[in-house]
Each structure stands twice: as C-alpha cells, then as structure tokens.
Amino acid sequence: MRIDKTEDASNGGTETAKKERGHVHGHVLRYMRRGLMVGAFLPGQVMSLRKLAAGFGTSPMPVREVLSRLVAANALEETKGGSVRVPRLSPDKLSDLFAVREMLEGMAAELAAKRASPALISELAAINKQLLVAIEKRDILNCLSFNQKFHFTLYEAAASDVLMPLIESLWLQFGPTMYMSLLIPSMPWNASDHEDILAALKDGNAAAAKKGIVHDIRTTCKALLSVAGSQGIELPFAQGADLQFDY
C-alpha cells in the first residue's frame with residue numbers, strides 16, 4: 001500500500017489528536033453516566049448538544065457520540081423530532097427494573113458481606129455519614145450522590161466482573177427517577193437501611209446484608225409507584241434544570 005510522505009510525516013500529530021479525542025469522549029461519557037445514575041438528569045429532560053458541549057468546552061461531536069451510545073444502552077431515548085431526552089418510566093417498567101435490582105444487588109451485597117474488611121466497613125460508614133448530613137440539609141444532589149456511592153462501594157467489594165456492569169446498566173435506566181423519591185413526603189430518606197447493612201457487615205451476616213439492600217430497594221420502589229404519573233411530581237422535570245454534581 002502506498003503511503004503519502006506528508007501523511008506519514010504528520011502521523012504523530014494524528015495519533016496525538018486521536019488520543020485527545022479519546023480523552024474528551026471518555027470524560028463526557030463518565031460525566032453523563034454518573035449524572036444519570038445519581039439523578040442529576042431528570043425524566044423528560046431534553047439533552048441539548050449546544051449546552052452540553054459548551055459545558056465540557058468541546059465540540060458537539062463527542063457529545064453526540066456519547067448520547068448515541070446512551071440511547072443504545074436504553075439510558076436515553078430519541079424522540080420523533082430527532083432530539084434525545086431522558087425517558088419517563090412507566091409503572092410497569094419501573095417495577096420490572098426494581099425487581100431485577102433486588103435480585104442482582106441483593107446477590108452483590110451478599111457476596112460483599114462475605115468479603116467485607118474493616119476498611120470497607122469504615123469507608124461505607126464514612127459515606128453514610130456524609131449522606132446523613134446531606135439529608136439533614138435537604139441537599140438533594142448530594143443525597144443522591146452519596147446514596148449511589150454507598151451502594152456501588154458495597155457492590156464493588158463483591159469483586160464480580162459480571163454483576164457490576166449489569167447493576168450499572170440498571171442504575172443508568174432508573175437513576176433519574178431517584179430525584180423524584182426525595183420529593184415524596186412518605187419516602188423515609190433516613191438511611192436506616194444503610195445502618196442495618198453496616199451492622200450486618202460488622203457481624204459478618206451476609207443474609208442480613210442482602211435483606212437490608214432488598215428492603216431499601218423495595219421501599220423506594222413502593223414510594224415511587226405511589227406517585228407514578230402524578231402531574232404534580234413530573235412537571236418540574238420537564239423543565240430540565242442545569243445541575244452540577246461531583247463525579
């Protein structure tokens with residue numbers, strides 16, 4: 001194959017550009033995935049290429065590529081008009097997602113409890129302390145962020161390369177509805193299930209750790225289903241506020 005000398009001479013620059021594009025793409029993907037999982041993007045919110053690209057300080061291309069990838073993962077959906085938005089989950093879809101969560105996350109908690117070290121328990125306790133402070137302040141984004149961090153720190157301790165990608169896929173799909181859970185008066189956001197899980201880890205009780213996770217998931221699902229379709233809850237989400245969070 002003939003290689004043009006000019007092209008060959010600039011190959012180093014091309015490789016550098018590719019690496020930079022890869023870095024930008026990875027940065028955008030991590031931010032978007034994290035935002036969906038913690039509920040920083042809301043049901044019904046339209047993803048603006050212009051705003052997102054401006055926020056990242058990049059061109060629309062890597063943002064468009066990431067959005068397409070998230071559509072393929074069922075985390076976002078494309079409208080008839082060609083825009084991309086966060087889906088609103090039907091009660092049936094929500095129930096289905098949370099039922100699968102119970103199975104997978106319950107298994108992960110059980111495995112993690114069998115491997116739990118004092119360092120893990122200490123880390124989880126510190127995260128939960130931050131969550132309690134956020135709850136007391138009614139700091140919604142930090143509530144969601146520390147809640148997700150507690151769960152994922154626990155599940156990662158299960159050391160399962162199979163379970164984690166499946167759990168992440170579920171959180172990408174239901175994560176945006178978690179914002180709604182903090183607006184429900186009947187939802188007991190007090191981290192009591194987390195306290196039970198920590199106690200189970202200290203006792204080395206894997207069954208109790210699983211029970212705590214399942215109860216946590218089931219309680220949230222019940223609260224969300226109680227207001228599913230409520231216009232009073234959904235209206236704020238359609239406006240799609242610009243939210244900032246740590247990732």
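This is a predicted model, so every value here is computed, not measured.
Under the 3.5 Å distance criterion, with hydrogens and angles disregarded, a donor-acceptor pair is assigned to the side chains of Asn190 and Ser192. Side chains of His215 and Asp196: no donor on one and acceptor on the other come within 3.5 Å.
Between Leu154 and Ile213 there is a side-chain heavy-atom pair separated by less than 4.5 Å. Residues Met32 and Met47 form a side-chain contact, since some pair of their non-hydrogen atoms from C-beta on lies under 4.5 Å apart. Between Leu163 and Leu111, some side-chain heavy-atom pair lies under the 4.5 Å cut-off. The shortest distance between side-chain heavy atoms of Leu49 and Leu67 falls below 4.5 Å. A 4.5 Å side-chain heavy-atom check between Phe56 and Val63 finds at least one atom pair inside the cut-off. Residues Leu42 and Val86 form no side-chain contact, since every pair of their non-hydrogen atoms from C-beta on lies 4.5 Å or further apart.
Ala40 and Gln45 get closest at one heavy-atom pair: O-OE1, 4.4 Å. Closest heavy-atom contact between Ala108 and Ala158: O-CB, 3.5 Å. Minimum heavy-atom separation, Val46 to Ser83: CG1-CB, 4.1 Å. Contact detail for Phe146 and Ala134: the closest heavy-atom pair is CD1-CB, 4.5 Å. The minimum heavy-atom distance between Ala206 and Glu110, with the atom names listed, is CB-O, 3.6 Å. Of all heavy-atom pairs spanning Ala157 and Leu120, the tightest one is CB-CD2, 3.5 Å.
Among residues at least two apart or in separate chains, there is no salt bridge (charged side-chain N to carboxylate O under 4.0 Å, His left out) pair with a member in residues 150-165.
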| task | With side-chain contact (heavy atoms from CB on, under 4.5 Å) as the test, would you mind laying out the steps for Val100 and Met103 before giving the verdict? | result | CA-CA 5 Å; Val100 178; Met103 290 188 289; 4.3 Å; yes

Report task. Give the intermediate values and the outcome of side-chain contact (heavy atoms from CB on, under 4.5 Å) for residues Leu52 and Val28. Result -> CA-CA 9 Å; Leu52 286 170; Val28 174; over 6 Å; no

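No continuous path of ILVMFWY side-chain contacts below 4.5 Å connects Val214 to Met107, so the two sit in separate hydrophobic clusters. Hydrophobic clustering, with ILVMFWY side chains joined whenever heavy atoms are under 4.5 angstrom apart, keeps Leu124 apart from Val133.
A distance of 11.0 Å separates CG of Asp193 from CG of Leu198, quoted to the nearest 0.5 Å. With values rounded to the nearest 0.5 angstrom, Asn205 atom CG is found 11.0 Å from Lys114 atom NZ. With values rounded to the nearest 0.5 angstrom, Phe152 atom CZ is found 5.0 Å from Met164 atom CE. A distance of 7.5 Å separates CG in Asn147 from OG1 in Thr220, rounded to the nearest 0.5 Å. Once rounded to the nearest 0.5 Å, the distance linking OG1 of Thr153 with CD1 of Ile127 reads 3.5 Å. Taking CD from Glu105 and NZ from Lys210, the interatomic distance works out to 12.5 Å, rounded to the nearest 0.5 Å.
Using modelled atom types, no side-chain atom of Ser145 and backbone atom of Asn142 make a donor-acceptor pair closer than 3.5 Å. Between the side chain of Ser95 and the backbone N or O of Pro91, at least one donor-acceptor pair lies under 3.5 Å. Between the Arg33 side chain and the Leu172 main chain, no donor and acceptor come within less than 3.5 Å of each other. Ser181 places no side-chain N or O within 3.5 Å of a backbone atom of Thr177 that could act as its donor or acceptor partner.
Relative orientation of the Tyr155 and His151 rings is perpendicular, given thresholds of 30° and 60° on the angle between their planes.
Residues forming a side chain to side chain donor-acceptor pair (under 3.5 Å) with Asn128 (at least two apart in sequence, or on another chain): His194, Glu195. In this view, Phe174 and Phe98, Trp171 satisfy the ring-ring contact (aromatic ring centres under 6.0 Å, His included) rule, not counting sequence neighbours.
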